[in-house]
Amino acid sequence: MAGHVDALYFALVAIAAFFTFLVSAVILFFAIRYRKERNPHATQIHGSTALELFWTGVPLAIVMVIFVWSAVIFFMQTRPPKGAMEVYLVGKQWMWKFQHTEGPREINELHVPVGRDVRMIMTSQDVIHSFYVPAFRIKADVLPGRYTSTWFRATQPGRYHLFCAEYCGTQHSGMIGEIIVMDAVAYDKWANSGVDGSLASAGEKSFQQYGCSMCHRTDAAGRGPNLVGVFGHPVLLDDGRTVQADESYIRESILNPGSKIASGFKNIMPTFQGQLSEEEVIGLVAYIKALGNGTVNAPIPVSEPNNGVYPVAPKAEGSDAKSDTTANPPAAAPAPAKPAERR
Amino acid sequence: MPDSTPAVHNLKHHFADLEQQKDSSTFAMWLFLVTEIMFFGGLFAAYLIYRLYYFNAWVAGSQTMEIKLGAINTAVLICSSLTMVLAVHSAKLGNRKLTSLFLILTLVLGFTFLGVKAVEYHGHWEHHEVPGANFHFEHEGNFDPNQVQIFFSLYFAMTGMHAFHMIIGGGLLLWLLISNLRGRFSTEYNTPVEMVGLYWHFVDLVWIYLFPLLYLISHHHNG
Amino acid sequence: METTNLSTEKKTNYLNADYSIKSWLLTTDHKRIGLLYLASITVFFLLGGIFAMLIRLELLTPAGDLVLADTYNKLFTMHGVVMIFLFLIPSVPAVLGNFLVPLMIGAKDLAMPKLNLASWYIFIVGAGFILYAILTGGLDTGWTFYTPYATTYSNTNVVSAALGVFITGFSSIFTGLNIIVTVHKMRAPGLTWRRLPLFIWAHYAASVIMVLGTPVLAITIVLVALERLFHFGIFDARLGGDPLLFQHLFWFYSHPAVYIMVLPGMGIISEIIACFARKRPFGYDFVAMSSIAIAVLGFLVWAHHMYVAGISTYAAMIFSLLTFFVAIPSAVKVFNWTATLYKGSITFASPLLYVFAYIGLFMVGGLTGVFLAAVGIDLHVTDTYFVVAHFHYVMVGASVTAFLAGMHFWWPKITGKMYPEFAAKISGLLVFCGFNLTFFPQFLLGYLGMPRRYHAYPPEFQVLNVLSTAGASILAIGFLLPMLYFAWSLRYGKDAGPNPFNAAGLEWQTASPPPTYNFEETPVVTWEAYNYDEIDSPQKGVEVAG
Amino acid sequence: MSAHAHPTVKTFFAVWITLLILTAVTVGVATLDLGPFNAVVALAIATTKALLVLLFFMELRYSSAMTKMVVVAALFFLCLLVGLTLSDYMTRGWSSYVNPFR
Ligand code: HEA
Ligand code: HEA
Ligand code: CUA
Ligand SMILES: [Cu+2]
């Protein structure tokens, strides 16, 4: 990614330098050639429509090329490839809290394997922060109240700066950290050295602890919908809309259950706003995601990009993705029958 | 015309004639109304976005409105627009008495509006519908009370800004009334009356949209 | 330069008509009001400049050791707020625009002189609120007031600063309104739209932005204050609101506002180039229309400040595309200015040197704006020093330089005295060099990844920061000098006469300083704008009206 | 400039009556259930009323072309504000909201 960005950047530097030097040189030349001593009488020229069109058209053509080029890069920067490993991030004044799906939690440090796509699913506990790793040329604001996401793939082991790029108060400049890129073997060792179980199993615990399992059961007796297989699929809402059950939707369903009601159910689920920490919510989200393919401890399925910020990429290759749940491409078919089945 | 002030007296030094002066004021007033449109525009944009996002909450919030009071107030404002227009008309004809009469009527109607609005606000306060610590919204429906709070935030911002404009309008009317009683206006010179008229109608116009948006359009949906 | 024998000594003019303080504070003369503004914004520029110097001093070392983090945050916030709302927005329009618009169109005053005076008072009251906020603990939200930080988390004086910005906004609205009405209704007989100086076109366009954009800022800032005071949830994510809505509404004004800051300056550039090249500006119609185009297109691009803020990818692309369009009219202007020099008869007076500096710096600033418009690049450099460098190039390098150019050019008209030419050239050089040394390294810093609004930074960025601080001290001297020699010239400067540069334009056809009602007789215009051929032809001088 | 026509008192009363009737109508319609058309009808009526006020009470109908242009320009920029903001809000959920409208 850095390569793409740099290429465009240097192209722009070249264009900018060209125009700056061209115009400066012309001005300098005219200023000397037509100085009063040498040219005591000005010749009045009113203008030239042909020239105007020329120097409107040329810059326009140039910027259109730049637009397309940069838009392509932007698409790459904002659409996580399939099969990316996922890391959850909670920003707060003034620290970064990471949670790996394998279980480890970190503060202000993020260990990732080299050569793997890493997708960040991020939210903030308070104000807006911004996740910025200059070496990877990526940045995305971390907002309170919803998930945003971005992704990167580190190509060189090493330690890289992580900055908070959105002003967030007193210690904004202290909200820095490091991305530690390790080779795959070292990373696996690191990830599995801890005692903590996976994120989904932590979520499973919360699921019991907060009584979610009382209503959300796998048999038909639950007062709430069966959550198995919800994730990654369209959900029909009672107002007729259909939404994609992505991380943001799950999050919203837990914290603001009233805002989107699954069709066929009543708005009886209590809000858990204020009772769950962002970390617990993340655990629950990871758990419900894992339920998506039936087995909690199965590899986390490939998910769609989160609600809103970075919409779904047109389905690309992704053949090496190990997941199978995408066999049912969610955005392709609104399939209102699907949620109905679950009732 | 009775005791009309000499036209020259009202011509400011930097204008060539009264016509240029009047054209300038009218044009300036319309430009000012443009800024008002953009001012309220920000609120309307917010309203629209949240209505699309939080439809159920919007319905719930809207259904707490007293349509009857809103309708009465709409009628009151429309009447005040009529009296205002008549005030302008009489000022143009140089009829000082009628001008005063209509200005007073407009003023009275304006305050009636504000009074009714105050009653409504009081009701919202009683029902804990004012955003903030006091806010409490307990109704059946598939929505999050916080979203209803946003509805009320916008409700108070919009109607509050509108009421604020009415109060300024009231001040202007009072000033017109006093000037008129002092015989400042004549057939030649009555621009201030006309300008305040434009302002007053604009404020009316904002309400013409606020009324359906806040009171009516969600009346029949079930949230 | 031809010295006229018309002595201005004995004549009464707007300056010596009355010396009492009351005659200044209650004046409705646009020229005096312009000077009231000049005095006020100079004070605010110095204040903002002092904040800037403290910022630069702090950044001399990587560790945040000069001031506390909180203090630093207040410094850049107050620097931004003061420089933007109290200095740059009123700078050209309310000083030079106020002074010159009526003169240039042959009017006795602006259409609404009392409103004009009221604008100044409103400005002062608004500034008072902002200063109050600064004095009672400051403000630390950044000049952008982003929510929810500004509404919920900051514990500084947001409400009074917001109120101040709200109030100064009205001053700006009224100035814009006044200029528009004046241009429409007060033009001298014969002065058709296509005979208007480009300065007028530029101010007209900027005024359109002030009238259309500022109210949206006003209501937004009111909502921020309400949210802070009464817990309205409109922008608060915890209450279900959307912080991005604030950003949309804020930038709906604040992007067009950057063109309020630059357009009037562009008008100055057109006047000065024409005068010192002794030519009608190349492509008059295109330059005039590009001002209008910038004003209109400027309203379509605001979300380029929000590419990574969480807006939809599609919206980001739409706004990116539109942003590229707004660069085109600026390109048209630059090329036409250059072409105006062709076959001119050029004298290197200091205003023209400032103009050359302007064009160079504006190109760099503008073209790096094009970098930022490119979504793929902006993702990396947004909220870094690259952006800081970009906007200082356009705001300081371009707008402030244009303001200085204009001040030199019209100083003789305003005061009747010439500034010292040599000192002016030196200060121009200092500004140009100091400026580049201050802000060019910041482009590099930004691309290397140094985030903005950082009180402390990793040590590898130090060298470039030191360069930048060094440049800032040169720049400070460059800005200080004109204030000194302008003041000096009031007493010791040569008498200028009505038209020291032999310039076209109605403002030069009355005495310097002009009499209270500008013209002894309302001029009747029978010639095209920029009739330098007639002025310079030895047979036919243009008769001086009045 | 003062040559142009002016509305008469009769016009004012006619407009006034129409406005009151329209108010009654819009309140009446609100009690019917028209689904999404409640909003459409209410806003259509509001716009009619607004136009009446603009054209007759504010005498826009009798004003110069310039004034009319000013009003149109204001509405145009208002549409830009609303429209471009919505371009974000309406496309945010393109991956998720299969049908963002109802
Ligand atoms: C006077 C003020 C001013 C001016 C004139 C401009 C002009 C421009 N600005 Fe700038 N800008 C700011 C002040 C200004 N800006 C400020 C204050 C901020 C940051 C606010 C904050 O976050 O605090 C900012 C931030 C900013 C951003 C957001 C960056 C970010 O936060 O991520 C962007 C993105 O698109 C941008 C773009 C542009 C563009 C495209 C122009 C264009 O108008 C430039 C047009 C000019 C030219 C293009 C040069 C001349 C043309 C030629 C020499 C011909 C050749 C041209 C081509 C081939 C294209 N600006
Ligand atoms: C018109 C607008 C304007 C102007 C003129 C300036 C002028 C300057 N700015 Fe400003 N700047 C902004 C608008 C402006 N700035 C804005 C909007 C921001 C963003 C704020 C935010 O993030 O919220 C910003 C932010 C900003 C930063 C980034 C802070 C950060 O992100 O952490 C820096 C850092 O170098 C900086 C430096 C300077 C310097 C060195 C000058 C110099 O040009 C100033 C030189 C002038 C003087 C010094 C005054 C005159 C001289 C004297 C009075 C001499 C005597 C005084 C001394 C010797 C101390 N500015
Ligand atoms: Cu977190 Cu800045
Ligand atoms: Cu911008």
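Remember, predicted model here, so these are calculated numbers, not experimental data. Proteins come first, then strands; the chains are lettered A, B, ... in the order of their sequence lines, and each starts at number 1.
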Per-residue contact mode, [X] against chain C (heavy atom under 4.5 angstrom):
X	result
Ile49(B)	side chain
Tyr54(B)	side chain
Phe152(B)	neither

Please give me the minimum heavy-atom distance between [X] and [Y], naming the atom from each residue.
X	Y	answer
Ala157(B)	Leu223(C)	CB-CD2, 3.9 Å
Tyr50(B)	Leu245(C)	CE1-CD2, 3.6 Å
Met38(B)	Leu212(C)	CG-O, 3.3 Å
Pro131(B)	His231(C)	CB-O, 4.3 Å

Partner of Ser153(B) by side-chain contact (heavy atoms from CB on, under 4.5 Å), out of Leu239(C), Leu226(C), Ile234(C) |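 The side-chain contact (heavy atoms from CB on, under 4.5 Å) with Ser153(B) is passed solely by Ile234(C) among Leu239(C), Leu226(C), Ile234(C).
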Evaluate the side-chain contact (heavy atoms from CB on, under 4.5 Å) criterion for residues Phe156(B) and Phe232(C): first the C-alpha distance (whole Å), next the side-chain angles of each, then the deciding distance (0.1 Å), finally the verdict.
-> CA-CA 9 Å; Phe156(B) 281 107; Phe232(C) 277 31; 4.1 Å; yes
Could you go through the side-chain contact (heavy atoms from CB on, under 4.5 Å) check for Asp23(B) and His184(C) one step at a time?
-> CA-CA 10 Å; Asp23(B) 273 3; His184(C) 271 275; over 6 Å; no
Mind ranking Asp242(C), Ile173(C), Leu217(C) by heavy-atom pairs under 4.5 Å with chain B and telling me who comes out on top?
->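 Ranked by contacts with chain B, first place is Asp242(C).
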Quick one: [atom1] on [X] to [atom2] on [Y], what's the gap to the nearest 0.5 Å?
X	Y	atom1	atom2	result
Phe39(B)	Phe170(C)	CZ	CZ	5.5 Å
Thr35(B)	Leu177(C)	OG1	CG	7.0 Å
Ser24(B)	Asn178(C)	OG	CG	10.0 Å
Ile180(C)	Leu31(B)	CD1	CG	5.0 Å

Measure Met210(C) against the heavy atoms of chain B and call it side chain, backbone, both or neither at under 4.5 Å.
->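 Interface part for Met210(C): neither.
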Check each atom of Ala107(C) against the heavy atoms of chain B and say whether the ones under 4.5 Å are side chain, backbone, both or neither.
->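 Interface part for Ala107(C): neither.
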Quick one: does Gln147(B)'s side chain have a donor or acceptor within less than 3.5 Å of a partner on Gly240(C)'s backbone?
->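 No, Gln147(B) side chain to Gly240(C) backbone: no donor-acceptor pair under 3.5 Å.
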Between Gly132(B), Gly42(B), Ala28(B), the one whose heavy-atom pairs under 4.5 Å with chain C are most numerous |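 Looking at each of Gly132(B), Gly42(B), Ala28(B) in turn, Ala28(B) comes out on top.
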Verdict with supporting geometry, Met186(C) and Phe15(B), side-chain contact (heavy atoms from CB on, under 4.5 Å) | CA-CA 8 Å; Met186(C) 310 284 287; Phe15(B) 288 111; 3.3 Å; yes
For side-chain contact (heavy atoms from CB on, under 4.5 Å), just list the numbers for Phe32(B) and Val211(C), CA-CA rounded to whole Å, side-chain angles, deciding distance to a tenth of an Å, and then say yes or no.
-> CA-CA 8 Å; Phe32(B) 179 71; Val211(C) 166; over 6 Å; no
